[in-house]
Engineer: 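Take this structure first; my questions come after.
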Amino acid sequence: MSKLGRSSGLPRSNEGMRLLFSAVIGVMLGYLFGISFPTVNVTKLHFPSSIISYIEDKDSGITTQTLLNHAWTSANSKKRNNSESNSDEIPKIYVPTNPKGAEGLAPGIVVPETDLYLRRLWGEPSEDLTSQPRYLITFTVGYSQKANIDAAVKKFSENFTIMLFHYDGRTNDWDEFEWSKRAIHVSVRRQTKWWYAKRFLHPDIVAPYDYIFIWDEDLSVQHFNAEAYIKLVRKHGLEISQPGLEPDKGLTWQMTKRLGDQEVHKVTEERPGWCTDPHLPPCAAFVEIMATVFSRDAWRCNDLVHGWGLDFALRRCVEPAHEKIGVVDSQWIIHQVIPSLGNQGTAENGRTPWEGVRARCRKEWGMFQKRLADAEKAYYLGKGITPPN
């Protein structure tokens, strides 16, 4: 009996050894099998929508083995594609000459210029523009001058985009005029045309226009025709110009005075001592800022708020200035000298609103002269040149 008891444990011992041996062999084979298989990141496995549906619907009948088989197949296919692409990898787009922040865009999608043409909110985009005006006319307006502006706008054909800058905030009131419905309206209270121009007439935005008219609201235009004016500007090669002013009203400088016996003039004679050089302002290379007309290329010069002193600096925009800046005599206007903008000021320190506005104009003129002189001085010194007086 004792022998039988000892011998009965042998089969169980042999069975345990076989299980242990099988486990060891299984681990070794699994290790060898694993290192010979491609590495797979489970988080990068991509499953088709049908498999995703299976995950959401456990009763679909798709087995776990099917899911894993598809995962392995996708991973192997992706690995092969990656290895093929690495040999001929497509570089990332980087264009350092693009605007800052847009270096990753292909140059063909970066458009440097735009326009002010109005678009519809419906229909085919290619059918939006039935015409593309070639010129831009802007007026800085208050509603009290509506009759004057209405008469002026009617002097400009549909070849002009009309843009109104409203310093009194009254934009909807202009809808009584049919032309106002196709005009562009910008409303910011108590600002001047140069403030608007600097912010809403960037050269890259108005690039489609051959000429840009920057006009005041108090101009009478009975003797003015816009199309005829542009023909004369082209004929005489004027990059910056203005219509001649009726001699008996609103005249400050002799240069802007209308001469009745010619189409255009570019030089004049001023009071003794006013012109140190006959080719410099105010005897030449000079127009005022009340009714200035710029060519597309010349429209790079505007500064300050009121613009005082800017007319003396316009000569820096074109070369030679005494030939490309002038006054068109045969298309002339009348300056009505209505101080409507001056009334938008604030009375303080014992001064009326218009006196405060005029004081600000003078201050800005001095600021502009200093900035311009300092900038030119720094330029010459940076070049190692003694600045001219």
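Count residues from 1 along the sequence. Since the model is a prediction, treat every value here as computed from it, not as a measurement.
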Engineer: Okay, side chain of K324, backbone of E319: is any donor-acceptor separation there less than 3.5 Å?
Structural biologist: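 Indeed, once roles are kept as given, a pair shorter than 3.5 Å links the two residues.
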
Engineer: Look only at the side chain of R296 and the backbone of A207, and say whether a donor-acceptor pair between them is shorter than 3.5 Å.
Structural biologist: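 Answer holds: yes.
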
Engineer: Verify whether the ring centers belonging to W253 and F286 lie closer than 6.0 Å.
Structural biologist: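 Yes - the distance between ring centres of W253 and F286 falls below the 6.0 Å cut-off.
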
Engineer: Looking at I137, L136, T138, I149, which one forms a side chain to side chain contact (heavy atoms under 4.5 Å, CB included) with I162?
Structural biologist: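 Output: one option passes, namely I137.
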
Engineer: If the threshold is 4.0 Å, N to carboxylate O, is there a salt bridge linking K193 and D216?
Structural biologist: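 Counted as a salt bridge, because a side-chain N and a carboxylate O are separated by less than 4.0 Å.
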
Engineer: Keeping the roles fixed (side chain from W274, backbone from C283), state whether a donor-acceptor pair exists under 3.5 Å.
Structural biologist: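 Looks like no, no N/O pair under 3.5 Å.
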
Engineer: Within a reach of under 6.0 Å around NZ of K155, are more than 12 heavy atoms found that belong to other residues, nucleotides or ligands?
Structural biologist: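 Enclosed: over 12 neighbouring heavy atoms sit under 6.0 Å from NZ of K155.
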
Engineer: Donor-acceptor check, side chain of W174 to backbone of R170, threshold 3.5 angstrom: yes or no?
Structural biologist: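 Yes, the answer is positive, given that a donor and an acceptor are paired below the 3.5 Å cut-off.
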
Engineer: Ion pair present between R315 and D311, side-chain N to carboxylate O less than 4.0 angstrom?
Structural biologist: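 Here R315 does not pair with D311 in a salt bridge, since their nearest N and O are not under 4.0 Å apart.
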
Engineer: Side chains of Y379 and I385: does their closest heavy-atom pair fall under 4.5 Å?
Structural biologist: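 No - every pair of side-chain heavy atoms lies 4.5 Å or more apart.
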
Engineer: State whether K235 and E263 are salt-bridged, where the test is any N-O pair (Lys NZ or Arg NE/NH1/NH2 against Asp/Glu carboxylate O) under 4.0 Å.
Structural biologist: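 Looking at K235 and E263, the cut-off is met.
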
Engineer: Could you measure the distance from the NZ atom of K257 to the CG atom of D329? Nearest 0.5 Å is fine.
Structural biologist: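 Answer for the NZ-CG pair, K257 versus D329, is 11.0 Å.
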
Engineer: Aromatic contact between F213 and F160, with the criterion being ring centroids under 6.0 Å apart: yes or no?
Structural biologist: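 Centroid separation for F213 and F160: below 6.0 Å.
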
Engineer: Is the count of non-hydrogen atoms from other residues, nucleotides or ligands lying under 6.0 Å from E376 atom CD greater than 12?
Structural biologist: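 Atom CD in E376 is crowded, with more than 12 foreign heavy atoms closer than 6.0 Å.
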
Engineer: Quick test of your reading of the model: are K146 and D150 salt-bridged, counting only N-O distances below 4.0 Å?
Structural biologist: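 No salt bridge links K146 with D150.
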
Engineer: Please assess T292 against Q242 for the test side-chain hydrogen bond (donor to acceptor under 3.5 Å, both in side chains), listing each intermediate value before the final yes or no.
Structural biologist: CA-CA 5 Å; T292 323; Q242 76 162 79; over 6 Å; no

Engineer: If you link ILVMFWY side chains whenever their heavy atoms are less than 4.5 Å apart, which other residues fall into the same cluster as V110? By chain and number, please.
Structural biologist: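 Once heavy-atom contacts under 4.5 Å are chained together, V110 belongs with L105, I109.
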
Engineer: Contact between L201 and W299 at the side-chain level, heavy atoms closer than 4.5 Å - yes or no?
Structural biologist: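 Yes, their side chains come closer than 4.5 Å.
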
Engineer: Are W195 and Y167 an aromatic pair by the rule of ring centers under 6.0 Å?
Structural biologist: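 Not close enough - the centres of the two rings lie 6.0 Å or further apart.
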
Engineer: Can you tell me which residue among I212, T161, I230 is in a side chain to side chain contact (heavy atoms under 4.5 Å, CB included) with Y135?
Structural biologist: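 Exactly one pass, corresponding to I230.
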
Engineer: Is a side-chain donor or acceptor of Q254 paired with a backbone partner of E269 at a separation under 3.5 angstrom?
Structural biologist: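 Checking the backbone N and O of E269 against the side chain of Q254, no donor-acceptor pair under 3.5 Å is found.
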
Engineer: Does the N98 side chain pair with the main chain of P107, one donor and one acceptor, at a distance under 3.5 Å?
Structural biologist: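 Side chain of N98 to backbone of P107, a donor-acceptor pair under 3.5 Å: no, none is there.
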
Engineer: Can you tell me if Y380 has over 12 outside heavy atoms packed within less than 6.0 Å of its OH?
Structural biologist: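 At most 12 heavy atoms, drawn from other residues, nucleotides or ligands, come within 6.0 Å of this atom.
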
Engineer: I184 vs F200, test: side chain to side chain contact (heavy atoms under 4.5 Å, CB included). Steps then yes/no.
Structural biologist: CA-CA 11 Å; I184 298 172; F200 300 102; over 6 Å; no

Engineer: Is the shortest heavy-atom distance from the side chain of V327 to the side chain of V287 under 4.5 Å?
Structural biologist: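 They are in side-chain contact.
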
Engineer: I need the L219 CG to W332 CH2 distance, nearest 0.5 Å.
Structural biologist: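 Spacing of CG (L219) from CH2 (W332) equals 13.5 Å.
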
Engineer: Any salt bridge linking R234 with D210? Criterion: basic side-chain nitrogen under 4.0 Å from a carboxylate oxygen.
Structural biologist: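 The answer is yes: the pair qualifies as a salt bridge.
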
Engineer: Is the closest side-chain heavy-atom distance between H322 and L280 below 4.5 Å?
Structural biologist: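 Sidechains of L280 and H322: no contact.
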
Engineer: How far apart are the C-alpha atoms of E246 and I333, what are their side-chain angles, what is the distance that settles it, and do they pass the side chain to side chain contact (heavy atoms under 4.5 Å, CB included) test?
Structural biologist: CA-CA 6 Å; E246 177 65 25; I333 59 177; over 6 Å; no

Engineer: Are the charged groups of E227 and K231 less than 4.0 angstrom apart, N to O?
Structural biologist: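 Looking at E227 and K231, the cut-off is not met.
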
Engineer: Using side-chain heavy atoms (C-beta onward) and a distance below 4.5 Å, is V293 in contact with I240?
Structural biologist: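 With C-beta onward as the side chain, the pair stays apart.
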
Engineer: Tell me, with the steps shown, if V233 and Y211 meet side chain to side chain contact (heavy atoms under 4.5 Å, CB included).
Structural biologist: CA-CA 10 Å; V233 164; Y211 293 95; 3.5 Å; yes

Engineer: Quick one: does H236's side chain have a donor or acceptor within less than 3.5 Å of a partner on L238's backbone?
Structural biologist: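 The answer is no, because no donor-acceptor pair under 3.5 Å joins these two groups.
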
Engineer: Report the residues that fulfil side chain to side chain contact (heavy atoms under 4.5 Å, CB included) with E103, sequence neighbours left out, ordered by chain and then residue number.
Structural biologist: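 E103 satisfies side chain to side chain contact (heavy atoms under 4.5 Å, CB included) with Y94, K100 only.
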
Engineer: Working to the nearest 0.5 angstrom, can you tell me the gap between T140 OG1 and M163 CE?
Structural biologist: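 So the OG1 of T140 and the CE of M163 are separated by 10.0 Å.
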
Engineer: Which of parallel (below 30°), tilted (30 to 60°) and perpendicular (above 60°) describes H185 and H166?
Structural biologist: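 Parallel.
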
Engineer: Start with the C-alpha distance between T171 and Y143, add both sets of side-chain angles, then the distance that settles side chain to side chain contact (heavy atoms under 4.5 Å, CB included), and finish with yes or no.
Structural biologist: CA-CA 8 Å; T171 55; Y143 188 66; over 6 Å; no

Engineer: Could you tell me the separation between the CH2 atom of W215 and the CD1 atom of I289, rounded to the nearest 0.5 Å?
Structural biologist: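 Spacing of CH2 (W215) from CD1 (I289) equals 15.0 Å.
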
Engineer: Please confirm whether the backbone N or O of P208 pairs with a side-chain atom of D115, one donor and one acceptor, at under 3.5 Å?
Structural biologist: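 Looks like no, no N/O pair under 3.5 Å.
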
Engineer: Is the distance between the ring centroids of F224 and Y229 under 6.0 Å?
Structural biologist: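 For F224 and Y229, the ring centres are under 6.0 Å apart.
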
Engineer: Under the side chain to side chain contact (heavy atoms under 4.5 Å, CB included) test, which residues partner P278, sequence neighbours left out?
Structural biologist: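 Side chain to side chain contact (heavy atoms under 4.5 Å, CB included) list for P278, sorted by chain: empty.
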
Engineer: Would you check if F294 and I214 make a side-chain contact, meaning some heavy-atom pair closer than 4.5 Å?
Structural biologist: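 Result yes, sub-4.5 Å side-chain heavy-atom pair found.
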
Engineer: Run E217 and N148 through side-chain hydrogen bond (donor to acceptor under 3.5 Å, both in side chains) and show every step you take.
Structural biologist: CA-CA 7 Å; E217 63 181 340; N148 207 44; over 6 Å; no

Engineer: Y117 versus Q132: any side-chain heavy-atom pair under 4.5 Å?
Structural biologist: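 SC-SC contact between Y117 and Q132 confirmed.
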
Engineer: Is it true that atom CZ of F177 has more than 12 heavy atoms of other residues, nucleotides or ligands lying nearer than 6.0 Å?
Structural biologist: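 Yes - once you tally the heavy atoms of other residues, nucleotides and ligands closer than 6.0 Å, there are more than 12.
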
Engineer: Could you give the distance from NZ (K377) to CG (L372), rounded to the nearest 0.5 Å?
Structural biologist: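 Reported value, rounded in 0.5 Å steps: 14.0 Å.
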
Engineer: Examine distances only and state if a side-chain atom of E288 and a backbone atom of M290 form a donor-acceptor pair shorter than 3.5 Å.
Structural biologist: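 Judged by distance alone, no pair lies under 3.5 Å.
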
Engineer: Can you measure from CG (D261) to OG (S330) and round to the nearest 0.5 angstrom?
Structural biologist: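 Interatomic distance, D261 CG to S330 OG, rounded to 0.5 Å: 11.0 Å.
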
Engineer: Has E176 got more than 12 heavy atoms of other residues, nucleotides or ligands less than 6.0 Å from its CD?
Structural biologist: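 Atom CD in E176 is packed in, count exceeds 12.
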
Engineer: Quick one: are E270 and P282 in side-chain contact, heavy atoms under 4.5 Å?
Structural biologist: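 When only atoms from C-beta onward are counted, P282 and E270 do touch, with a gap below 4.5 Å.
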
Engineer: Donor-acceptor pair, distance only, cut-off 3.5 Å: does the side chain of K266 make one with the backbone of G326?
Structural biologist: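 Such a contact is absent between K266 side chain and G326 backbone.
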
Engineer: Any salt bridge linking R120 with D128? Criterion: basic side-chain nitrogen under 4.0 Å from a carboxylate oxygen.
Structural biologist: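 So R120 pairs with D128 through a salt bridge.
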
